[in-house]
Every structure is written in structure tokens, then in C-alpha cells.
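Here the structure comes first, spelled out in C-alpha cells, and everything after it is commentary.
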Amino acid sequence: MYKLTGGKVNPLIGAAGVSAVPMAARVAQVVGQKENPSNFLLMHAMGPNVAGVIGSAVAAGVFLSMFA
């Protein structure tokens with residue numbers, strides 16, 4: 001997405017795509033505001049954050065269906 005938009009997407013948003021809700025989004029917000037105090041990334045980071053949780057749940061369901 002970063003390359004497709006010509007660098008207009010903050011790479012910290014992708015870093016929030018882990019299952020640590022909502023801590024990963026908060027970390028992205030804090031790091032982004034240290035770099036630029038006008039950054040407000042929290043709600044934008046929650047999207048990939050929640051998607052990471054859903055992806056983990058789907059992967060767990062697939063593994064359970066394969067091995068159970």
C-alpha cells in the first residue's frame with residue numbers, strides 16, 4: 001500500500017496489525033506523535049489491529065479443524 005500510494009501511508013499503521021489489542025495501536029500513536037506532534041494515528045491503527053485479531057482467530061480455527 002505504501003508503494004501504491006507513493007508514500008502517503010504512514011508505515012506505523014502496518015506495525016499495528018498484530019493481535020495485541022489495543023496496545024499495538026497505542027504504541028503506533030505514541031511513536032507517531034513523538035516524530036510529528038500533529039499525527040493522530042490511533043483510530044487508523046485500530047483497523048489493522050482488529051484485522052490482526054480476526055486473522056488470528058481464523059487461523060486458529062483452521063488449525064483446530066485440521067488437527068482436531
Side-chain angles (χ1 to χ4, degrees):
M1 182 184 273
Y2 186 77
K3 288 184 180 182
L4 288 174
T5 61
K8 294 181 182 179
V9 174
N10 193 324
L12 283 173
I13 300 300
V18 296
S19 296
V21 174
M23 199 61 203
R26 289 181 187 160
V27 169
Q29 170 69 24
V30 169
V31 171
Q33 279 200 318
K34 282 182 184 175
E35 186 67 29
N36 180 356
S38 67
N39 270 337
F40 293 100
L41 302 172
L42 186 61
M43 294 315 295
H44 298 289
M46 283 302 292
N49 203 218
V50 172
V53 171
I54 293 169
S56 296
V58 169
V62 168
F63 285 135
L64 283 174
S65 68
M66 286 173 31
F67 298 116

* Asked: How about M43: does its CE atom have over 12 heavy atoms from other parts shown lying under 6.0 Å from it?
  ->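 Count not over threshold, so no.
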* To do: Give the cluster check for M46 versus V53: same hydrophobic cluster or not, with ILVMFWY residues linked at side-chain heavy-atom distances below 4.5 Å.
  =>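 Yes, it is one cluster - the side chains of M46 and V53 are joined through contacts under 4.5 Å.
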* **Nearest non-hydrogen partners of F40 and Q33, listed with the distance** =>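 Shortest heavy-atom contact: CE2-NE2, 3.4 Å.
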* To do: Calculate, to the nearest 0.5 Å, the distance between atoms CG and CD belonging to N39 and Q29 respectively.
  =>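 Between N39 CG and Q29 CD, I get 7.5 Å after rounding to 0.5 Å.
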* **Nearest-0.5 Å distance that lies between atom CG in N49 and atom CE in M23** =>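 It is 11.0 Å, given to the nearest 0.5 Å.
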